[in-house]
Amino acid sequence: TVIMIVSGVAPKRIIRKHIVPIKRLMKMHLTLGELVQVLCIAVAGGIGLFFLGNYGVKGDFSNDAEEFFFAAVTVTGCVAVVVTAVWKAVVIHSEVISDEKAGREPESTRTLTGEPLTELSMFWVGLGALAASLFTGLNIASAVINSRITKIVSISSAPVVIVVFVISVFAQPRKHDRLTMNLLRAYFFIFAGISEGVLGARAISQENFKWTVIHAVRLAIDAVLFHYGLRARAAIGRLPDSELHEFLTCHLFVGGFKMLAPILFIVFRSLKCFIEREAESRCGNSNACALSISSYLIIWWFLGLAQGSIKKEWRDQLDLSIEKVVTMKISWRKSIEGILLAVMVACGAFLFALMTSKQHTSGFVMTVSFAGLIAGIACFVSEVYTVTKEQVRNRSSNTQLERADPTRAVERVDCCSWWYVGAAFVLTSSYTLLQLTYAIVLDDGLLMVGYMLLPIAGGCMVISGYLRPKDEGLGKKILHAQFFLFGVLAAVLSCIAYLRQGQTLLALATLGRIPIWLVFYWLGLKLRRKAAQLQPSELSDFLCRKVLLGGISGMAPMVFFGFEALSCITSNGGLTDDSCKNTSHAALFLSVYVAMITVVSMSSKVISRAERGAALTYEQVATLKLSRSQKLQGYCGVFAAIASMYLFSVLGVQGKPNKAITYLGGAGFFALAFSSLIEGYKLSRSTSPGGSGELSTTTTTIMPPANQTEMVQTNSRNGLIMAGGLMSERRLSLGGVGDNMVVAGMV
């Protein structure tokens with residue numbers, strides 16, 4: 001952070017000169033200073049991931065060797081960062097001084113275009129061969145000396161080696177001479193053949209024929225994948241130069257090394273168990289979870305490689321627009337792919353939550369792992385089949401495909417498919433059904449599950465209100481019925497259950513939720529009518545990006561928090577175990593916070609751009625030139641943010657229930673609810689320019705004053721920032737939502 005702040009002192013043209021271009025990194029045409037910078041950043045980043053993965057580890061610091069190891073790793077990371085900072089500071093300072101003496105030169109930018117990149121440096125090919133050789137050496141050592149450490153390192157490093165090896169295979173796709181192909185086959189033989197052969201021989205010597213068969217099957221699968229990988233490599237080499245440049249840069253190199261970061265984090269997370277010297281069976285489950293999650297991430301990367309391996313004209317024929325997804329005008333194969341991908345992501349999120357649990361059997365872990373793995377492989381096979389079929393069809397056709405016209409009119413959407421209405425209704429009604437069961441059997445475990453399902457059901461209720469904003473017939477009747485089941489009947493059933501248990505105060509408090517739900521529902525109906533009055537283009541964008549994609553992205557962290565609580569519950573004494581109440585309550589409040597932020601972000605787009613008025617500037621925030629309502633929202637938002645940080649830090653904490661978690665989480669909820677009510681009231685009273693009402697205080701978007709006229713461009717960025725109750729909505733692209741779901745669900 002200090003380096004970023006200090007770097008703002010130097011002119012931007014000098015700063016840009018010292019940013020290492022990705023193209024030069026891929027070709028390894030680096031100066032000595034750039035090479036030092038890249039190496040130091042890589043070392044510091046790896047050490048940072050190591051500490052992040054082992055956050056909360058309980059080590060034995062009475063052991064001098066362990067204390068020395070952690071101290072040495074800490075010093076190494078600090079030295080790497082300091083060397084980078086000092087090197088850049090000295091060089092940039094000298095250039096600033098020389099510019100001041102010679103006079104400021106005109107602003108210029110360094111061109112990075114030049115010739116398209118058609119192959120990577122031999123350095124990356126050699127790196128893949130080196131990684132394969134080291135991996136094989138670890139497997140040989142593990143088989144010969146039967147050491148636990150070598151076994152752990154070889155298993156944990158497998159996903160990293162796979163990513164580096166794949167990059168080396170596709171690094172030079174236009175080289176098909178005999179020497180290159182023989183070297184690739186030799187690399188594969190070293191990586192898979194020798195490793196699986198040695199491990200299989202050890203299994204035979206131990207008379208473990210089950211693992212002998214497993215290693216033989218894995219070797220056969222690796223051989224098939226390598227064979228078709230070489231065929232894909234040849235097809236990629238036939239791409240035009242510009243598209244090959246895009247594949248090597250975006251999909252292979254950048255995509256691969258971006259995928260390494262979460263894989264390293266997961267691997268380091270699995271090592272936490274070994275550092276704490278747990279039993280080998282428990283650590284085996286943690287390692288199995290890490291390998292499965294890493295496999296899912298690699299499959300996700302492979303999907304991107306498959307999509308980028310064909311020409312852009314052919315890829316345009318396969319891409320699905322957001323509008324088609326919203327209206328469900330998609331083929332059955334794409335629908336199944338989406339379901340399989342959702343299953344894989346859900347299994348990954350659940351396995352990540354299971355990594356810290358210590359009571360699950362290996363059979364349960366393997367069942368969840370294989371379910372996600374089969375779903376991911378099936379999705380990948382379907383995508384490869386679709387891509388291959390499109391290649392064959394277009395090559396056999398003599399007609400020249402036209403490139404998609406970017407100015408072509410986009411299909412506009414005024415309502416979402418009934419499938420989404422039905423899915424939201426089922427998820428919301430499941431909460432009411434759970435409350436009915438609880439009122440009958442009076443099982444406290446069902447009450448806990450109901451609390452965890454409440455934010456998801458509430459989010460589905462809000463999404464349902466915007467799915468068909470112009471439908472005043474059947475769609476509105478279904479919405480009323482859905483609210484009655486969720487807001488009224490569920491509260492009455494909970495009240496009956498509490499009365500049967502003799503808890504009169506809780507019963508009255510439960511009935512008190514009904515007026516609160518009615519207030520929210522009244523505001524929601526007003527905002528729904530405003531959404532129906534949007535211009536066709538704005539309504540289509542609102543339904544596609546905010547309601548559907550924004551809603552799904554908001555559901556991902558809520559599902560993860562639910563899995564975190566479920567993992568603790570199932571790994572201890574069951575649903576009635578008090579030792580998991582800390583984690584369950586923290587997960588509940590965090591899910592509620594995410595649901596409320598998602599709702600406010602979604603509702604902020606029910607008014608047109610003309611009604612939003614002038615954007616709030618950074619200067620106004622820095623000088624606190626805000627209205628009273630904005631300041632009040634800011635105080636509430638800051639308090640809720642601090643509460644959410646504390647709640648996130650206690651996830652996974654077991655022991656006696658801590659009332660401070662409930663009190664602080666409840667206070668944060670009321671603060672955020674109050675801020676949301678103010679925002680909803682202002683949104684419902686917003687008027688067009690020239691009319692009455694608070695215009696400038698409605699859903700402010702923070703941006704520099706110089707960019708106030710570029711509101712559309714600023715709003716098209718990715719992400720959602722909440723700082724002091726002030727919302728800055730940035731739209732999500734389809735690809736960005738996929739990445740966000742993976743990050744939110746798995747990391």
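In what follows, residues are counted from 1 in the order of the sequence shown. The figures here come from the full heavy-atom set of this structure, side chains too, leaving out hydrogens, waters and symmetry mates.
Nearest approach of Leu138 to Ser154, heavy atoms of both residues: CB-CB, 3.9 Å. In terms of heavy atoms, Ile298 sits closest to Ile162 at CD1-CG2, 4.1 Å. Across Leu340 and Ala378, no two heavy atoms sit closer than the pair CD1-CB, 3.7 Å. Between Leu219 and Ala192, the closest heavy-atom pair is CD1-O, 3.8 Å. Thr76 approaches Val43 most closely through the heavy-atom pair CG2-CG1, 4.1 Å. The minimum heavy-atom distance linking Phe247 with Ile236 is given by the pair CZ-CD1, 3.3 Å.
Partners of Phe370 under the ring pair (Phe, Tyr, Trp, His ring centres under 6.0 Å) rule, at least two apart in sequence or in another chain, do not exist in this structure. Under the salt bridge (charged side-chain N to carboxylate O under 4.0 Å, His left out) criterion, Arg174 pairs with Asp241, not counting sequence neighbours. Every residue two or more places apart in sequence or in another chain that forms a side-chain hydrogen bond (donor to acceptor under 3.5 Å, both in side chains) with Ser195 is listed here: Thr136, Asn139. Every residue meeting the side-chain hydrogen bond (donor to acceptor under 3.5 Å, both in side chains) condition with Thr180, not counting sequence neighbours, appears here in chain and number order: Asp177. Partners of Phe170 according to the ring pair (Phe, Tyr, Trp, His ring centres under 6.0 Å) rule, which considers only residues two or more places apart in sequence or in another chain, do not exist here.
Here the CZ-CG distance, from Arg269 to Asn287, works out to 14.0 Å after rounding to the nearest 0.5 Å. The distance from atom CZ of Phe257 to atom CD1 of Ile22, rounded to the nearest 0.5 Å, is 8.5 Å. Once rounded to the nearest 0.5 Å, the distance linking CG of Leu230 with NE2 of His176 reads 9.5 Å. Interatomic distance, Ser292 OG to Phe352 CZ, rounded to the nearest 0.5 Å: 14.0 Å. In this structure, the separation between OG on Ser294 and CD1 on Ile266 is 6.5 Å, given to the nearest 0.5 Å. In this structure, OG1 on Thr212 lies 9.0 Å from CD on Gln206, to the nearest 0.5 angstrom.
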Which pairs would a plain distance check flag for residues 119-131, meaning a side-chain donor or acceptor within less than 3.5 Å of a matching protein atom at least two apart in sequence or in another chain?
unit_1, atom_1, unit_2, atom_2, d
Ser121, OG, Phe123, N, 3.1
Trp124, NE1, Leu25, O, 3.4
Trp124, NE1, Met26, O, 3.0

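In this structure a side-chain-to-backbone donor-acceptor pair under 3.5 Å is missing from His245 to Pro116. For the pair Ser309 (side chain) and Ala306 (backbone), a donor-acceptor distance under 3.5 Å is present. The backbone N or O of Lys175 lies less than 3.5 Å from a partner atom in the side chain of Arg233, making a donor-acceptor pair. Checking side-chain atoms of Tyr296 against main-chain N and O of Ser369 turns up a donor-acceptor pair under 3.5 Å. Under a 3.5 Å cut-off, the side chain of Trp301 and the backbone N or O of His251 do form a donor-acceptor pair. Between the side chain of Arg202 and the backbone N or O of Ser142 there is at least one donor-acceptor pair closer than 3.5 Å. Side chain of Ser156 to backbone of Val153: no donor-acceptor contact under 3.5 angstrom is found.
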Audit row: Phe350, Phe560, side-chain contact (heavy atoms from CB on, under 4.5 Å) steps and yes/no: CA-CA 7 Å; Phe350 190 50; Phe560 169 72; over 6 Å; no
Thr74 vs Ile47, side-chain contact (heavy atoms from CB on, under 4.5 Å): CA-CA, chis, key distance, verdict: CA-CA 8 Å; Thr74 304; Ile47 292 176; over 6 Å; no
side-chain contact (heavy atoms from CB on, under 4.5 Å) assessment of Cys347 paired with Val343: CA-CA 6 Å; Cys347 290; Val343 170; 4.2 Å; yes
Intermediate values then yes/no, side-chain contact (heavy atoms from CB on, under 4.5 Å), Ile299 and Leu373: CA-CA 9 Å; Ile299 290 174; Leu373 189 62; 4.0 Å; yes
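You'll find the side chain of Phe253 stays beyond 4.5 Å of the side chain of Leu248, heavy atoms only. Contact annotation: the side chain of Leu291 approaches that of Pro159 to within less than 4.5 Å [non-hydrogen atoms, C-beta and beyond]. The shortest distance between side-chain heavy atoms of Val166 and Leu305 falls below 4.5 Å. The side-chain heavy atoms of Val267 and Leu49, taken from C-beta on, include no pair separated by under 4.5 Å. Considering only heavy atoms from C-beta on, Leu341 comes within 4.5 Å of Leu303 through its side chain. Side-chain atoms of Leu199 and Trp211, non-hydrogen and from C-beta on, never get closer than 4.5 Å to each other. Looking only at side-chain heavy atoms (C-beta outward), Phe51 and Phe268 stay at 4.5 Å or farther from each other. For the pair Tyr228/Val384, no side-chain contact is recorded, criterion being any heavy-atom separation below 4.5 Å from C-beta on.
Between Phe135 and Phe191, the distance separating the two ring centers is shorter than 6.0 angstrom.
A side-chain donor-acceptor contact under 3.5 Å links Glu337 and Ser382.
Ring geometry for Phe302 against Phe380 counts as tilted: the plane angle lies between 30° and 60°, on a 0 to 90° scale.
Under the 4.0 Å criterion applied to side-chain N and carboxylate O atoms, Glu243 and Arg238 are not assigned as salt-bridge partners.
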